[in-house]
Asks: 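Sending over a structure as structure tokens; questions will come in a sec.
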Number of protein chains: 2
Amino acid sequence: MARNVEFDEQLAISKAMDVFWKKGYNGASMRDLTEAMGINSSSLYNTIGDKHQLFLKAIKHYTESRMEAAKKQLQQITSPLKAIEKYINASVYTITNEPNSCLAIKTTFEVATGDAEVQKVIKADNEFTYQLLIGLVQKAIEKKEIKVSQDAEMLTDYIINHFTGWHESFIIHQDKTRIKKMAQFLIEQLSQ
Amino acid sequence: MARNVEFDEQLAISKAMDVFWKKGYNGASMRDLTEAMGINSSSLYNTIGDKHQLFLKAIKHYTESRMEAAKKQLQQITSPLKAIEKYINASVYTITNEPNSCLAIKTTFEVATGDAEVQKVIKADNEFTYQLLIGLVQKAIEKKEIKVSQDAEMLTDYIINHFTGWHESFIIHQDKTRIKKMAQFLIEQLSQ
DNA sequence: TAATATTTGAAACAATCATTTCAGAATTTC
DNA sequence: GAAATTCTGAAATGATTGTTTCAAATATTA
């Protein structure tokens, strides 16, 4: 009876994500976005919606692909402490090698405070990382790989908390070594 | 021979700072700004300059007043470790009680990556905190108040690094207790 | 007080913003 | 192949963007 949508919606959202990643929500114009996505604004409004809906889909796309990557990364590691270390080191690598910092963190500080829908996506992303790590932390405590006498909840928060500061540090100093040293110290403290 | 500027420039910049603090650089319009500052845009362009120059003055105003407050706060504390603890606890209080998160951090993630002048201001602010704390950390190591066998530079970085994550955590969860627990754990680790 | 110099306020500026319109192209189903 | 339906592209929408203009108001100095 009728035509189908011509463009690949997931690919288009991924291109939009790149623009938001680089310019931020307020810094990205609809012209920037449609140009990068390779579609006309009428197609965009007909399928995805307005700028805000596009942004929501873009950050969801970002967080969901990160979740998949994280799950894959840790699936066949036997020692929970080693898995935590691997997660920390992978974060350090990403922080010190990707050009654009983290879209979730940028979004948190730019718009999450005043935007409930965005905040929900960010919170879900955070909760995923939290659940992923707390499982490992609990097992590591059970196995006595972590000897610090603290509850797993606080310790998980404590570990996750470092990543944001490392991002900030790398934006300001562009010094990989400083971050690697901090990560090493964190791991030592968990292992001791 | 001629008139003087009618408005109080420092007060006007302070008002502009509040707008940038709440809306971000890209989110704040010149109309938002001049309205809050209580001056006409022609006066603004005649004295302070354009939006970018105004922003630079606003974040300088922010960082300079924080520096003064920090110096005052620590001036008559004898134990260096106690001074570090006080600084950490004061940060926790600010993070969990101010409504707008930290302007310097927001700026870092929104514009510092692509704006050299802004980055310079942010870097200077960071360097001030670093110098303030490293003095205390070195003294604390000398006095054996801190027993962790690590160099003072890394340890200073490590301490400062927590604050950004605490800000992020409070934006997402609005949970004071989580942050207080992390701060307490950090202090314990330094003291042990 | 008069001449001078600068600020101020209101309006206007072109450019860009997000969004909508709609005729024509395209593809599907019968 | 014809009819039906939806998508696409280009243009236009009115609002808002940052910035400038300029006459009138104002304060200064001699």
Side-chain angles (χ1 to χ4, degrees), chain A residues 1-61 106-107 110-111 114-118, chain B residues 1-61 106-107 110-111 114-118:
Chain A
M1 286 172 110
R3 269 176 94 172
N4 294 329
V5 177
E6 205 172 74
F7 66 94
D8 179 342
E9 186 167 324
Q10 277 314 107
L11 185 67
I13 287 171
S14 172
K15 296 283 185 192
M17 180 192 76
D18 290 334
V19 176
F20 283 128
W21 202 345
K22 194 177 283 176
K23 302 199 168 192
Y25 178 71
N26 288 304
S29 74
M30 290 302 284
R31 276 179 179 75
D32 293 334
L33 291 160
T34 50
E35 196 178 325
M37 295 165 85
I39 60 170
N40 192 275
S41 59
S42 75
S43 302
L44 175 58
Y45 278 85
N46 271 338
T47 52
I48 295 168
D50 63 11
K51 188 186 182 185
H52 190 256
Q53 289 174 276
L54 175 60
F55 184 66
L56 285 172
K57 291 190 182 181
I59 59 173
K60 276 178 190 163
H61 180 81
K106 291 178 82 168
T107 299
E110 191 194 349
V111 287
D115 189 323
E117 288 181 287
V118 168
Chain B
M1 281 173 113
R3 263 175 98 172
N4 294 330
V5 177
E6 204 172 73
F7 67 94
D8 179 342
E9 186 166 324
Q10 277 314 106
L11 185 66
I13 288 171
S14 172
K15 296 283 184 191
M17 180 192 77
D18 291 333
V19 176
F20 283 127
W21 203 345
K22 194 176 285 177
K23 302 200 169 191
Y25 179 71
N26 288 306
S29 75
M30 290 302 286
R31 277 169 182 77
D32 292 334
L33 291 161
T34 51
E35 196 177 327
M37 296 164 86
I39 61 171
N40 191 274
S41 59
S42 75
S43 301
L44 176 57
Y45 279 84
N46 271 339
T47 51
I48 294 169
D50 63 11
K51 189 186 182 185
H52 191 255
Q53 289 174 276
L54 175 60
F55 184 67
L56 285 172
K57 292 191 181 181
I59 58 173
K60 277 178 190 163
H61 180 80
K106 292 179 79 167
T107 299
E110 192 195 348
V111 288
D115 188 324
E117 288 181 288
V118 168

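Note on naming: letters A, B, ... go to the chains in the order of the sequence lines (proteins, then strands), and numbering restarts at 1 for each one.
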Asks: Could you tell me how far apart A/Ile48 (CD1) and C/dA18 (P) are, to the nearest whole angstrom?
Replies: 15 Å
Asks: Please table the atom pairs, donor to acceptor, closer than 3.5 Å between any side-chain atom in residues 53-60 of chain B and protein atoms at least two apart or in another chain.
Replies:
unit_1, atom_1, unit_2, atom_2, d
B/Gln53, OE1, B/Asp50, N, 3.3

Asks: So which atom in A/Lys51 and which in A/Tyr25 form the shortest heavy-atom distance, rounded to 0.1 Å?
Replies: NZ-O, 3.0 Å
Asks: Check residues 12-20 of chain B and write down every donor-acceptor pair under 3.5 Å in which the side-chain atom is one partner and the other belongs to a residue at least two apart or another chain.
Replies:
none

Asks: Determine whether B/Lys106 and A/Glu110 make a side-chain contact, defined as any pair of heavy atoms from C-beta on separated by less than 4.5 Å.
Replies: no
Asks: I want to check one thing: is the phosphate of D/dT8, taken as OP1 and OP2, less than 4.0 Å away from some side-chain N or O of A/Ser43?
Replies: yes
Asks: Between atom CD in B/Glu35 and atom C1' in C/dG9, what is the gap in whole Å?
Replies: 15 Å
Asks: Need the bend value for the helix from C/dA14-D/dT17 to C/dC30-D/dG1: angle between end axes, 5 pairs each end, nearest 10°.
Replies: 20°
Asks: Working to the nearest 0.5 angstrom, can you tell me the gap between B/Ile48 CD1 and B/Glu9 CD?
Replies: 4.5 Å
Asks: For nucleotides 17-23 of chain D, give me one character per nucleotide, 5' to 3': B if any protein heavy atom sits under 4.0 Å from the base, S if the only such contacts are to the sugar-phosphate, - if neither.
Replies: BBBBB--
Asks: Donor-acceptor pairs under 3.5 angstrom involving side-chain atoms of residues 31-40 of chain B: please list them, not counting sequence neighbours.
Replies:
unit_1, atom_1, unit_2, atom_2, d
B/Asp32, OD2, B/Lys23, NZ, 3.4
B/Asp32, OD2, B/Ser29, N, 3.0
B/Asp32, OD2, B/Ser29, OG, 3.2
B/Thr34, OG1, B/Met30, O, 2.9
B/Thr34, OG1, B/Arg31, O, 3.4
B/Asn40, OD1, B/Ser42, N, 3.0
B/Asn40, OD1, B/Ser42, OG, 3.3

Asks: Send over the distance from A/Leu44 CG to D/dG9 P, rounded to a whole Å.
Replies: 13 Å
Asks: What does the inter-axis angle of the helix from C/dT1-D/dA30 to C/dA12-D/dT19 come out as, five pairs per end, nearest 10 degrees?
Replies: 20°
